[in-house]
Amino acid sequence: MQPFAGWMREALAEARLALDTGDVPVGALVVDGRGTVLARARNEREALQDPTAHAEVLALRAAASVTGDWHLTDATLVVTLEPCVMCAGAILSARVPRVVFGAWDEKAGAVGSVYDVLRDRRLPHTVEVRAGVGAEESAELLRGFFGERR
């Protein structure tokens with residue numbers, strides 16, 4: 001069995017770092033087929049003033065830089081929150097075959113809650129999805145963040 005829980009703990013640690021810049025605490029890892037972490041990232045929209053600076057997009061960019069190839073065909077993306085439509089598009093574009101995520105995003109999720117972009121058979125590439133890994137801890141981190149802002 002692959003160490004999904006261990007990778008999710010690492011993604012959660014990355015998510016907590018987003019709190020330092022006032023960003024929504026979402027963390028992501030890109031792991032290669034041997035289980036080596038190629039890249040890690042967290043949301044940095046506030047830090048960079050960049051609407052595309054979601055953890056998933058930043059992690060995919062960093063992994064492509066490390067490998068020298070944007071085709072991440074042997075990778076797993078591990079992320080603490082269900083990816084949005086933009087991130088799902090980036091995942092498909094990078095040809096990532098596997099996504100593991102923690103908490104569901106009932107407002108903007110694109111991997112089963114609102115949309116299911118990654119498993120849409122009409123698209124040329126579909127992704128294996130493992131949902132709910134570390135879901136409670138991921139959701140609690142987000143509830144705490146948004147609870148302080150309301």
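Keep in mind that the numbers below use all heavy atoms, side chains included, and drop hydrogens, waters and symmetry copies.
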Can you tell me how far [atom2] of [Y] sits from [atom1] of [X], rounded to the nearest 0.5 angstrom?
| X | Y | atom1 | atom2 | answer |
| --- | --- | --- | --- | --- |
| Leu29 | Leu38 | CG | CG | 10.0 Å |
| Leu77 | Glu56 | CG | CD | 6.0 Å |
| Thr80 | Asn43 | OG1 | CG | 7.5 Å |
| Leu118 | Cys87 | CG | SG | 10.0 Å |

Between Glu137 and Arg16, is a salt bridge (charged side-chain N to carboxylate O under 4.0 Å, His left out) present by the stated rule, with each step listed? CA-CA 11 Å; Glu137 192 173 353; Arg16 287 183 196 93; 2.5 Å; yes

Strictly by ring pair (Phe, Tyr, Trp, His ring centres under 6.0 Å), give each pair with a member in [range] just once, sequence neighbours left out.
| range | answer |
| --- | --- |
| residues 124-150 | none |
| residues 74-108 | Phe101-Trp104 |
| residues 35-92 | none |

Least distance between heavy atoms, [X] atom then [Y] atom:
| X | Y | answer |
| --- | --- | --- |
| Ala39 | Ala59 | CB-O, 3.5 Å |
| Arg143 | Glu140 | NH2-OE1, 3.0 Å |
| Ala55 | Ala41 | O-CB, 3.5 Å |
| Ser113 | Glu106 | CB-OE1, 3.9 Å |
| Glu10 | Val37 | OE1-CG2, 3.9 Å |

Side-chain contact test, heavy atoms from C-beta onward, threshold under 4.5 Å: evaluate it for [X] versus [Y] and give yes or no.
| X | Y | result |
| --- | --- | --- |
| Val24 | Leu142 | yes |
| Thr21 | Glu44 | no |
| Leu60 | Leu72 | yes |
| Leu12 | Ser138 | yes |
| Asp120 | Thr126 | no |
| Ile91 | Pro83 | yes |
| Val79 | Val100 | no |
| Arg42 | Val26 | no |

- What about Leu48 and Leu17, same hydrophobic cluster or not, with Ile/Leu/Val/Met/Phe/Trp/Tyr joined at side-chain heavy-atom distances under 4.5 Å? no

Hydrophobic cluster identity match, Leu58 and Trp7, side-chain contacts under 4.5 Å:
no

Apart from Val57 itself, members of its ILVMFWY cluster (side-chain separation under 4.5 Å) are Met86

Contacts satisfying salt bridge (charged side-chain N to carboxylate O under 4.0 Å, His left out) that involve residues 61-86 (not counting sequence neighbours) are none

The complete set of salt bridge (charged side-chain N to carboxylate O under 4.0 Å, His left out) pairs with one or both residues in residues 21-33, sequence neighbours excluded, reads Asp32-Arg34

query = Run the side-chain contact (heavy atoms from CB on, under 4.5 Å) check on Thr76 and Val96 step by step: do they pass?
reply = CA-CA 7 Å; Thr76 298; Val96 173; over 6 Å; no

* Can you establish whether the number of heavy atoms outside Arg149 located under 6.0 Å from its atom CZ is more than 12? => yes

